[in-house]
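Just so it is clear: chains get the letters A, B, ... in the order the sequence lines come, proteins before strands, and each one is counted from 1. All values derive from a computational prediction rather than experimental measurement.
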Amino acid sequence: MGIIINLEKKIKENWRKGISLGQEKSLLSLSNIPEFTLEVPKDKKNGDYATNIAMLLSKIEKKNPRELAIILVELYKEVDDTNNIEKIEIAGPGFINMYLSDKYLGEIVSEVLIQKNDYGHNKLLSDEKINLEFVSANPTGLLHMGNARGAAIGDTLANVLKVLGAEVTKEYYINDAGNQIENFGKSLDVRFREALGEKDIEFPENGYHGADILETVKGYIKKNGDGLIRVSEEERVAELIKYSLSEKLDHIKTYLGKFGLVYDVWYRESTIHNSGAIKETMDTLEAKGLLYENEGAVWLKTTSMGEDKDEVMIRNNGLPTYFAADIAYHKNKYDRGFNKLINIWGADHHGHVARMKRAMEAIGYSAEGLEVILMQLVRLYKNGEVLRMSKRTGTYVTLEELLDEVGKDAARYFFVMRNPDSHLDFDMDLAKSESADNPVYYIQYAYARISSILRNLDKPVEEFLDGKEPMYTLVIEKDLALKIGELEKVLIDAGIRREPYRIATYALELATLFHQFYSSCRVLNEEEEVKKNRLKLIVATKYTLENILGILGVSAPERM
RNA sequence: GUGCUAGUAGCUCAGCUGGAUAGAGCAACGGACUUCUAAUCCGUAGGUCGGGGGUUCGAAUCCCUUCUGGCACACCA
């Protein structure tokens with residue numbers, strides 16, 4: 001594992017060794033080696049790697065950084081035993097630029113050909129048992145664009161974390177209890193009676209206006225008849241809720257499935273309510289003296305934990321709040337053995353984050369183990385106007401419609417492409433009319449082109465992939481090989497920072513380099529040695545693309 | 001009002017936790033298919049990194065201040 005990672009570690013280590021040697025030889029006077037950077041310069045002219053170490057040391061050594069750099073480079077050359085660095089230059093204010101050897105780039109490609117579809121995998125996070133909860137949309141309606149964004153980000157993140165060796169459980173929290181369900185039930189009841197001809201029924205104030213629930217009750221009547229009209233309202237509402245939630249959940253599962261997403265656990269909020277978990281949590285808080293009663297409700301002293309105000313746990317009607325249930329739910333996750341809880345929430349929940357962390361501390365669980373990725377909401381444009389998405393008013397574009405119009409691959413890529421922090425403007429008209437401009441096709445096209453070359457070979461490709469190390473001489477070949485080598489670094493970055501968009505960006509960069517290579521280099525009909533070398537390069541590219549597209553949940557078509 | 005978050009090319013966004021001349025993609029303009037797929041490639045143009053201070057060899061990046069969006073501040077979830 002870790003071609004580039006190991007190289008970078010080695011280079012940094014060698015600089016430290018060199019400095020130590022300088023200390024021994026009394027060329028340098030410092031006692032501690034400062035934290036220096038090893039970075040990939042933006043401009044290729046400045047080498048494959050650059051370090052700022054001479055500039056950092058110049059302060060300590062009280063010497064001109066360029067003079068110091070000369071000494072450091074000599075020391076480095078003395079300790080370097082790898083042969084991976086071909087040339088070292090001193091530039092600008094005192095940067096030390098390093099150039100990788102051609103031989104090394106060939107090694108990268110050979111390594112990928114050995115690891116194949118495991119290339120990029122490692123064991124970095126093998127100690128982590130992660131519960132990743134996302135989407136968790138209320139089952140009172142259909143999935144909308146915001147949910148779709150969460151689905152794409154969450155699933156991709158789960159895939160990356162698994163590649164890094166973590167054990168990941170994808171979880172969907174079903175809000176099947178509480179006030180909103182009551183409202184939902186009342187709305188269903190009204191629609192049910194209306195469907196059977198009753199007129200002028202008052203619609204509940206916070207009811208659900210979506211047209212879909214009308215369909216639901218009609219479906220119920222078709223299937224089960226109108227017998228419910230004759231039972232008590234309570235019984236009728238309960239039955240309608242049960243029927244409806246089950247129908248909605250099936251629908252949600254179906255469409256998430258079509259989106260390429262399969263959950264490991266579907267966890268019901270009602271389980272938390274019915275299992276005594278909330279009471280247990282309240283007892284813990286009570287024992288710590290963090291609860292008090294006021295105006296008939298039970299409050300949590302969140303002010304003593306640094307929050308602005310206290311929060312209600314148990315309402316004066318005796319029912320627990322969402323917050324109370326959520327504390328119990330997160331406690332439950334820890335109790336199930338997870339050491340990391342990652343939630344993906346809409347940005348409108350950000351006020352909830354700090355409170356939850358404090359609450360975890362209060363019941364004696366880790367606040368640090370709870371991470372929340374906040375996602376800005378999706379703003380939807382249609383006919384040049386912003387559509388306000390709301391379940392209650394029933395104006396939203398569903399995941400179903402999205403899949404029909406742009407397809408799974410484009411939709412998934414589009415949602416993952418951007419940092420969750422930024423608002424996502426989704427123009428439906430653009431998505432429909434210009435879906436071919438979507439970057440995902442660009443990436444897939446690179447894959448299809450490679451497949452096409454391999455199809456045109458006269459012999460099986462394996463016969464060209466001997467163990468001999470390839471050597472690349474053209475800039476574009478080297479760039480492509482180096483980019484392939486970056487994969488593992490990108491995956492680690494994306495996983496550790498919980499930023500899956502980095503993978504989407506990388507995929508695009510890799511595809512760009514491939515297309516450039518494709519238009520300036522031929523593979524078939526080249527002299528035998530060149531042909532072999534290039535075949536190795538494109539097969540390594542193919543594996544890399546397959547791996548990334550797999551993580552993104554985007555298909556890799558052989559033909560387009 | 002308080003808190004969170006953002007402000008970079010006409011548009012949508014990167015910028016790797018302080019580095020060298022701030023980068024892509026769309027859109028605009030000009031080129032490239034008798035050769036492995038033109039869903040591609042090459043080139044041109046486009047910038048006071050919201051404004052103002054500060055920290056230092058060096059700032060889009062860190063600190064302060066200010067302006068402008070978005071969101072949150074329920075006995076809703």
Side-chain angles (χ1 to χ4, degrees), chain A residues 37 39-43 45-46 50-52 55-56 58-59 64-65 91-95 97 136 138 140 175 177-181 183 206 269 294-299 307-309 311-326 346-355 374 376-377 379 417-419 421-425 427 430 434-446 448-457 486 489-490 493 497 499 501-502 504-505 508-509 511-512 514-526 531 534-535 538 559-560:
Chain A
T37 61
E39 55 172 29
V40 179
K42 285 174 204 150
D43 194 332
K45 281 195 306 249
N46 295 320
T51 178
N52 63 348
M55 288 180 284
L56 291 176
S58 76
K59 234 182 283 178
N64 174 313
F95 286 103
N97 298 331
S136 298
N138 291 334
T140 49
N175 300 123
N179 261 7
Q180 50 146 3
I181 290 295
N183 276 328
N206 288 317
E269 184 181 349
N294 188 28
E295 294 175 13
V298 179
W299 297 72
E307 296 296 310
D308 289 342
K309 53 186 181 44
E311 299 287 334
V312 173
M313 294 280 101
I314 310 290
R315 293 190 283 254
N316 62 9
N317 62 7
L319 294 174
T321 58
Y322 167 82
F323 186 33
D326 223 21
D348 52 341
H349 286 66
H350 73 73
H352 197 49
V353 179
R355 281 203 298 274
L374 288 177
Q376 293 291 334
L377 303 180
R379 206 163 30 187
M417 204 165 84
R418 294 213 177 98
N419 191 327
D421 277 344
S422 56
H423 286 271
L424 184 60
D425 289 335
D427 188 326
L430 194 76
E434 295 187 300
S435 61
D437 287 336
N438 196 301
V440 74
Y441 294 105
Y442 182 86
I443 298 162
Q444 290 177 318
Y445 188 49
R449 276 180 147 179
I450 295 172
S451 304
S452 170
I453 296 175
L454 300 183
R455 267 199 304 275
N456 284 300
L457 278 172
E486 272 177 34
K489 212 163 81 176
V490 171
D493 242 21
R497 295 166 181 246
E499 290 175 340
Y501 75 89
R502 290 173 186 279
T505 307
L508 199 62
E509 289 168 357
T512 301
F514 174 76
H515 285 306
Q516 286 170 1
F517 165 83
Y518 184 92
S519 57
S520 61
C521 298
R522 303 255 109 201
V523 177
L524 309 175
N525 306 322
E526 286 285 345
K531 184 174 175 182
R534 289 190 178 160
L535 276 170
I538 67 168
R559 294 170 200 270
M560 285 176 79

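The same atom, P, is picked in B:rC63 and in B:rG19; the two are 15 Å apart, to the nearest Å. Atom name P, nucleotides B:rA24 and B:rC33: the rounded distance is 25 Å, in whole Å. Rounded to whole Å, the separation between the P atoms of B:rC4 and B:rU48 comes to 31 Å. Going from the P atom of B:rU2 to that of B:rG15 covers 31 Å, rounded to whole Å. Remark: the separation of the C1' atoms in B:rG7 and B:rU66 is 14 Å, to the nearest Å.
With a 3.5 Å ceiling on both atom-pair distances, B:rA20 lacks any Watson-Crick or G-U wobble partner. Pairing for B:rC33 is absent, with no Watson-Crick or G-U wobble pair whose two atom distances lie under 3.5 Å. In this structure, B:rU44 and B:rA28 make a Watson-Crick or G-U wobble pair, each of the two defining distances being under 3.5 angstrom. Under the Watson-Crick or G-U wobble criterion, with both distances below 3.5 Å, B:rG58 is left unpaired in every strand shown. Across all strands shown, B:rA72 is found opposite B:rU2 as a Watson-Crick or G-U wobble partner, with both distances under 3.5 Å.
Under a 3.5 Å cut-off, the side chain of A:His515 and the backbone N or O of A:Tyr445 do not form any donor-acceptor pair. When atom types are taken as modelled, the side chain of A:Arg315 and the backbone of A:Thr321 share no donor-acceptor pair closer than 3.5 angstrom.
Regarding the sugar-base torsion, B:rC33 falls in the syn class, its angle being within 90° of 0. Nucleotide B:rU17 carries a syn base; the chi torsion (O4'-C1'-N9-C4 or O4'-C1'-N1-C2) is within 90° of 0.
A:Asn175 and A:Ser136 get closest at one heavy-atom pair: OD1-O, 3.6 Å. Between A:Ala50 and A:Asn97 the shortest heavy-atom distance is CB-OD1, 3.3 Å.
One can place OH of A:Tyr442 at 13 Å from P of B:rA38, the figure rounded to the nearest angstrom. Between the CZ atom of A:Phe517 and the C1' atom of B:rU40 there is a distance of 14 Å, given to the nearest Å. Rounding to whole angstrom units, CD1 of residue A:Ile181 and C1' of B:rA77 are separated by 10 Å. In this structure, A:Phe514 places its CZ atom 11 Å from P of B:rA38, rounding to the nearest Å. In this structure, the CD atom of A:Gln376 is 16 Å from the P atom of B:rG69, given to the nearest Å. For the pair A:Gln180 CD and B:rC75 P, the interatomic distance rounds to 17 Å; values are reported in whole Å. With rounding to whole Å, A:Met417 atom CE is found 9 Å from B:rA14 atom P. The separation between A:Asp348 atom CG and B:rC73 atom P is 8 Å, rounded to whole Å.
Checked against B:rA20, B:rG19, B:rC36, the side chain of A:Arg522 finds its nearest nucleotide in B:rC36. In this structure, the nucleotide among B:rU35, B:rG19, B:rC41 sitting nearest to the side chain of A:Ser519 is B:rC41. Here the nucleotide nearest the side chain of A:Ile453, chosen from B:rA74, B:rA77, B:rC36, is B:rC36. Proximity note for A:Pro93 (side chain, C-beta onward) versus B:rC16, B:rA72, B:rG19: the nearest is B:rG19. When the nucleotides B:rU40, B:rC36, B:rA77 are ranked by their closest atom to the side chain of A:Tyr445, B:rU40 comes out on top. Which of B:rG19, B:rA38, B:rA39 sits closest to the side chain of A:Asn52 comes down to B:rG19. Listed nucleotides: B:rC71, B:rA77, B:rA38. Nearest to the side chain of A:His350: B:rC71.
Residue-level contact check: A:Ala91 touches the bases, meaning some heavy atom is under 4.0 Å from a base atom. Here A:Val40 lies in heavy-atom contact (under 4.0 Å) with a base. The residue A:Gln444 sits apart from the nucleic acid: no heavy atom pair falls under 4.0 Å. Within 4.0 Å of A:Lys309, counting heavy atoms only, lie sugar-phosphate atoms of the nucleic acid but no base atom. Residue contacts for A:Ala50: at a heavy-atom cut-off of 4.0 Å it reaches a base atom on one of the strands shown. Residue A:Ala347 is in sugar-phosphate contact alone, with no base atom involved, counting any heavy-atom pair closer than 4.0 Å across all strands shown. Among the atoms of the strands shown, only primed sugar atoms or phosphate atoms (P, OP1, OP2) are found under 4.0 Å from some heavy atom of A:Asn179. A:Arg497 comes within contact range of the sugar-phosphate backbone alone, with a heavy-atom separation under 4.0 Å but no base atom that close. Across all strands, A:Asn456 comes closer than 4.0 Å only to sugar-phosphate atoms, never to a base (heavy-atom distances). At a threshold of 4.0 angstrom between heavy atoms, the contacts of A:Asp326 with the nucleic acid are absent. Heavy atoms of A:Asn64 sit nowhere under 4.0 angstrom from any nucleic acid atom. At a threshold of 4.0 angstrom between heavy atoms, the contacts of A:Glu509 with the nucleic acid are absent. As judged by a 4.0 angstrom heavy-atom cut-off over every strand, A:Asp493 is placed among residues touching the sugar-phosphate backbone only.
Of the two residues contacting RNA chain B, namely A:Ala511 and A:Ala297, the nearest-nucleotide position lying further toward the 5' end is that of A:Ala511. Nucleotides of RNA chain B nearest to A:Arg315 and A:Phe95 differ in position, and the one nearer the 5' end is that of A:Phe95.
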**OP:** Start with the C-alpha gap between A:Val40 and A:Lys489, add the side-chain angles, then the distance that decides, and say whether side-chain contact (heavy atoms from CB on, under 4.5 Å) holds.
**Re:** CA-CA 12 Å; A:Val40 179; A:Lys489 212 163 81 176; 3.9 Å; yes
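Ring pair A:Tyr322/A:His352 is tilted by interplanar angle, where 30° to 60° counts as tilted.
Proximity of A:Tyr501 to the phosphate of B:rC16: no side-chain N or O atom is located under 4.0 Å from OP1 or OP2. Phosphate proximity of B:rA77 to A:Tyr322: absent, as no side-chain N or O sits under 4.0 Å from OP1 or OP2. The phosphate of B:rC4 has neither OP1 nor OP2 within less than 4.0 Å of any side-chain N or O from A:Arg355. OP1 and OP2 of B:rC13 both lie 4.0 Å or more from every side-chain N or O belonging to A:Arg502.
Atoms CH2 and CD, on A:Trp299 and A:Glu311 in that order, are 8.0 Å from each other to the nearest 0.5 Å.
Side-chain to base pairing of A:His515 with B:rC41: no donor and acceptor N or O lie closer than 3.5 Å to each other. Donor-acceptor pairing under 3.5 Å, judged by distance alone, is absent between the side chain of A:Asn183 and the base of B:rA77. Not a single donor-acceptor contact under 3.5 angstrom links the side-chain atoms of A:Gln516 to the base of B:rC42.
For CG of A:Asn294, the number of neighbouring non-hydrogen atoms (other residues, nucleotides, ligands) closer than 6.0 Å is greater than 12.
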